[in-house]
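Before any comments, here is the structure.
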There are 2 protein chains.
Amino acid sequence: MKSACAQQVQSLSSGKELLPEPCAACAARVLSVCDAIDDCDLDRLAAITSVQDIARHQIFVTEGDPADHLFNVTDGTVKVYKLLPDGRQQITGFLFAGDFLGLSFLERYGCSAEAVTRVRCCRFPRKQFAAMLTDFPGIERRLLGIASNELAAAQDHMVLLGRKTARERVSTFLLMLSRRAARSGGTADPVILPMTRTDIADYLGLTVETVSRTFTQLKKDGFIELREAGVVHLSNLPALEDLNEGF
Amino acid sequence: MKSACAQQVQSLSSGKELLPEPCAACAARVLSVCDAIDDCDLDRLAAITSVQDIARHQIFVTEGDPADHLFNVTDGTVKVYKLLPDGRQQITGFLFAGDFLGLSFLERYGCSAEAVTRVRCCRFPRKQFAAMLTDFPGIERRLLGIASNELAAAQDHMVLLGRKTARERVSTFLLMLSRRAARSGGTADPVILPMTRTDIADYLGLTVETVSRTFTQLKKDGFIELREAGVVHLSNLPALEDLNEGF
DNA sequence: CGCACACTTGAGTAATGTCAAAGAGTGTGG
DNA sequence: CCACACTCTTTGACATTACTCAAGTGTGCG
């Protein structure tokens, strides 16, 4: 089976060399669900995939709409959020390259999603994706793993929202971004913030003003430096980690 | 295959009539993972199950410990929580009959769990449970569904913790318990609160005092009545629902 | 009966939110 | 290339919600 698979790959790549499979060439693949599919079966995945380019500020998933598609972010930053009827917003998470969106297998989307930067992603029709699950149980296993991680992240975030001070929230946020960037091959120290202060506030359960004040306070206390816009230098990372003792 | 299965059940039940299978007789089964296993295969599940009786206040899962077991609550109330190093506590959820604990397939428990009342549950060794997943793909599908629901609940709770007022948090909490009770065959109106005010506070991201004050305020405003301890009468349910417009 | 423990209530405080305005940065069109 | 308009960010003054500390009142259990 494995060798037959290898053969198939060979013939496939020699036949379609000039039209590279989007999935086989995808840099984000190792980070995401698609890694659960062997090279030889990637064409089946590619067949139901449509690559999407999403402009900044575009809302491409709306809470309550029928959950027709699943997404896999391959580039850019997405904010996932819920709204209260009066407009109060809570961002439940930010997605980066490799992150999966639409995990819930409910009928309708539970959250909205908006492109914070220009975003590139792969879109799968939910029905066809679900059909693949029966043929590739590895995907299901992988989805369960992703769900586990998301759940763990959600729990951490509940602690932040329910019990941490503004200062702790902001420093936790910075460390999270730093670690996340390092994990996916980026740089840990100058942390890039693609989102606005308002987005950060809506993620941390604060107001813009409080977030801004906390940044300046952290700067004054020598934890961070704010040189260019959208970039935070962690001048004293160990001290910053102490603020978050154990997270 | 189906008919062979039915036979097996028959011979099994006739042979062991005096020792009822814990799983086949389980009232909570329809609510939980175990429902994904056909009657005929329940003996395999029963073989790895040990029924546990847990005393009030006993901590039976500790954050960071190796995740050796999974649990299925069949009776009582469990609080699932995380601690900050200085003792601040955030309860991430309450579990009732039919709820599953230990969903995360990470190496270690992400949260601690404590029995709020006397609790009865089924315990499965994680390794043996994982082995069953390959034979019964239905369980995996079911777990994914459970994970989806938990994730949706976690997202709702993030909105509560990040953006709602004390009054909204408490009324959301009461409605949640009411609906939950109704869904699992209980009574919707007099809501039973098995947990202390402190637990409610730790769940809602408030202090005991604020929770208590909010209860008296809701009472004074005619939304609820507090007659016996641990029981809340929802005197004006529609108005209470208005407080939570759309949740 | 008495001791915990849980709950309520009060008074004062601190942290964060609100409202307002000014400064900085960014992009667009003239 | 500059000027204008826009948004984002920062800062200040003030308001308010929820927290802290403290005391008092049940309530259940040994």
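The sequence lines fix the lettering, A, B, ..., with proteins before strands; numbering per chain opens at 1.
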Fill in: Under 3.5 Å donor-acceptor, B:Asp65 side chain and B:Ala67 backbone
no
Worksheet item: Out of D:dC19, D:dT10, C:dT8, which has the shortest distance to the side chain of A:Arg197?
Response: D:dT10
Worksheet item: Could you state the CZ-C1' distance from B:Arg56 to D:dC29, rounded to the nearest angstrom?
Response: 11 Å
Discussion item. For a quick check of understanding: with a heavy-atom distance under 4.0 Å over all strands, which category does B:Gly205 fall into, base, sugar-phosphate or nothing?
Written reply: sugar-phosphate
Worksheet item: Centres of the A:Phe71 and A:Phe60 rings: under 6.0 Å?
Response: yes
Worksheet item: Any side-chain N or O of A:Thr216 less than 4.0 Å from the OP1 or OP2 oxygen of D:dT11?
Response: yes
Discussion item. What's B:Thr196 touching, base or sugar-phosphate or nothing? Going by heavy atoms closer than 4.0 Å.
Written reply: sugar-phosphate
Worksheet item: Honestly, is B:Arg197 close enough over B:Phe215, meaning NZ or CZ under 6.0 Å from the six-membered ring centre and within 45° of the axis?
Response: yes
Discussion item. Go nucleotide by nucleotide along DNA chain C from the 5' end; which of B:His57 and B:Arg213 gets its closest nucleotide reached first?
Written reply: B:His57
Item to complete: For B:Arg163 and for B:Ser212, locate the closest nucleotide of DNA chain C by heavy-atom distance; then report the residue assigned to the nucleotide nearer the 5' terminus.
Response: B:Ser212
Practice prompt. Compare the minimum distances between each of D:dT10, C:dT9, C:dT18 and the side chain of A:Thr207, then state the nucleotide with the smallest one.
Written response: C:dT18
Item to complete: Tell me whether the OP1 or OP2 atom of D:dA18 has a side-chain N or O from B:Thr210 closer than 4.0 Å.
Response: no
Practice prompt. Measure from the side-chain heavy atoms of B:Glu209 and tell me the nearest of C:dG10, D:dA13, D:dC19.
Written response: C:dG10
Worksheet item: How many Å lie between CG on B:Leu161 and C1' on D:dA18, as a whole number?
Response: 14 Å
Worksheet item: Whole Å only: how far is the CG atom of A:Leu226 from the P atom of D:dT11?
Response: 10 Å
Practice prompt. Identify which nucleotide among D:dT10, D:dA18, C:dT8 has an atom closest to any side-chain atom of B:Thr165, counting heavy atoms from C-beta outward.
Written response: D:dA18
Discussion item. With a 3.5 Å distance limit and no angle check, can you tell me whether A:Gln90 reaches the backbone of A:Tyr203 through a side-chain donor-acceptor pair?
Written reply: yes
